[in-house]
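Numbered from 1 within each chain, the chains take letters A, B, ... in sequence-line order. Note that the structure is a prediction, hence the values are computed from the model and not measured.
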Amino acid sequence: MVSNDDVVRTLERVADLLEIKGENVYNVRAYRSAASQVENIGEPLADIAAREGGLLDLPGFGPAIAEKVGDLLQSGRMGFLEQLETDIPPTLLELREIPGVGPRTAAVLWHEAGITTVDELEAAIRGGRLGGLPRLGAKTLERIAASLDERHTHGVKQRRPRADVEPIATALVDALRVMPEACAVEPAGSFRRGRADLGDLDIVVATGEPRQVLVAFGALPQVERVLLRGDTKCSVHVAFRFQVDCRAVAPHEFGAAMQYFTGSQAHNVQLRGRALRMGLTLNEYGVFRVDGGERIAGDTEESVYAALGLSWIPPEQRDDRAAVTR
DNA sequence: TTAGTATT
DNA sequence: CATAATACTAAA
């Protein structure tokens, strides 16, 4: 019995391999989009496939993907994926998990250096035989080496249960709120959306003195290490080497910044697509008219949604099912 | 100036 | 024909 989750994982694997293969972005996107549709369906795909219209009724499913998923549901296998896996070593997918190595770099390592596994990459870097590859300069190799070291000492970066993050989030937010320069402080990201597992924590601070606030943030007692600090953002590690990003924004941009940093990514893409269809553009600084560039919203989250003709959507519902299209 | 990666 | 926008770094 092939579950919907199995289908999602298979489609995503196909997309990842196609991406390394260098397939055109729309083709890759089609598989990702089909996967995300399946994620949001409560009903077993096998039932949908069995009735009239079948899988073609699903948004994001055309004849090509419907046929391949049909194979998978019937036989538990997808010939197309198996063929891809013979063309492209699937171990390349593990390379992509190294920070700084994306699909293009994985492809270069494979084609130009015959590297298909993390171990081979490590050996090649230590042996200094990765010089002169296209787009792989000294700095980039250094960064990859550092990522590999981090992987050895601390393992692969893992998500934390919400209960682990909650106390530290509260402490950091409270500490920021005490600062006189901070006009408003709110956690954003997946934390604000109420997710159970968190990859990192985003905190947005409205302030007229970003530098002061970010320096003070980096000096808080909960902070174990400052990863980077600029004029708009300070990234740190707290306990468990959990990453927290503090973002300083101008007070009148707080609403747009909260909207952007709360996400989800899929939700932001939908909102921005809707904005374009209305002759508007949305970014983390506000809502603007495409022609003229006049700013029409962004002080508050409500104003952002209102400018797009929507009522405010609770963060918990900001996924790709939120009704923002049309 | 362009490419690639990362971020929501 | 086809889902957004921005920031940053390194390479060329």
Those residues of residues 122-137 of chain A lying under 4.0 Å from DNA chain B by at least one heavy atom:
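By residue number: A:R135.
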Numerically ordered, the residues 159-171 of chain A set in heavy-atom contact under 4.0 Å with DNA chain B is none
Using a cut-off of strictly less than 4.0 Å, decide whether [X] has a side-chain nitrogen or oxygen near OP1 or OP2 of [N].
{"X": "A:T281", "N": "C:dA4", "answer": "no"}
{"X": "A:T140", "N": "B:dG4", "answer": "no"}
{"X": "A:N268", "N": "C:dA4", "answer": "no"}
{"X": "A:Y285", "N": "C:dA7", "answer": "yes"}

Residues [X] and [Y]: side-chain donor-acceptor under 3.5 angstrom:
{"X": "A:H267", "Y": "A:Q317", "result": "no"}
{"X": "A:E120", "Y": "A:T116", "result": "yes"}
{"X": "A:Q259", "Y": "A:E301", "result": "no"}
{"X": "A:R318", "Y": "A:S264", "result": "no"}
{"X": "A:T86", "Y": "A:Q83", "result": "yes"}

In short, A:V14 meets A:M78 closest at the heavy-atom pair CG2-SD, 4.1 Å
Closest to the 5' end of DNA chain C, once A:L141 and A:Y260 are matched to their nearest nucleotides, is A:Y260
For the side chain of [X] and the backbone of [Y], is there at least one donor-acceptor N/O pair under 3.5 Å apart?
{"X": "A:S75", "Y": "A:D71", "value": "yes"}
{"X": "A:T207", "Y": "A:E181", "value": "yes"}
{"X": "A:D6", "Y": "A:S3", "value": "yes"}

With A:V69, the side chain to side chain contact (heavy atoms under 4.5 Å, CB included) member among A:V7, A:T10, A:V38:
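One option only clears the test, and that one is A:V7.
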Would you mind reading off the distance between [X] atom [atom1] and [N] atom [atom2], rounded to a whole angstrom?
{"X": "A:L280", "N": "C:dA4", "atom1": "CG", "atom2": "P", "result": "14 Å"}
{"X": "A:R143", "N": "B:dT5", "atom1": "CZ", "atom2": "C1'", "result": "7 Å"}
{"X": "A:K157", "N": "B:dA6", "atom1": "NZ", "atom2": "C1'", "result": "11 Å"}
{"X": "A:L276", "N": "C:dT3", "atom1": "CG", "atom2": "P", "result": "11 Å"}
{"X": "A:E284", "N": "B:dA6", "atom1": "CD", "atom2": "C1'", "result": "13 Å"}
{"X": "A:L227", "N": "C:dA7", "atom1": "CG", "atom2": "P", "result": "21 Å"}
{"X": "A:L308", "N": "C:dA4", "atom1": "CG", "atom2": "P", "result": "14 Å"}
{"X": "A:K233", "N": "B:dT7", "atom1": "NZ", "atom2": "P", "result": "7 Å"}

Using side-chain heavy atoms (C-beta onward) and a distance below 4.5 Å, is A:N40 in contact with A:D319?
no
Which part of the nucleic acid, if any, lies within reach of [X] when heavy atoms closer than 4.0 Å are counted: base, sugar-phosphate only, or nothing?
{"X": "A:D245", "result": "nothing"}
{"X": "A:D320", "result": "nothing"}
{"X": "A:A138", "result": "sugar-phosphate"}

Within residues 9-39 of chain A, find the residues that approach DNA chain C with a heavy atom at under 4.0 Å, and present them sorted by residue number.
A:Y26, A:R29
State which of B:dT5, C:dA11, C:dA5 makes the closest approach to the side chain of A:K139.
C:dA11
Under the side-chain contact (heavy atoms from CB on, under 4.5 Å) criterion, do A:D200 and A:V244 qualify, and how do the steps go?
CA-CA 6 Å; A:D200 62 11; A:V244 181; over 6 Å; no
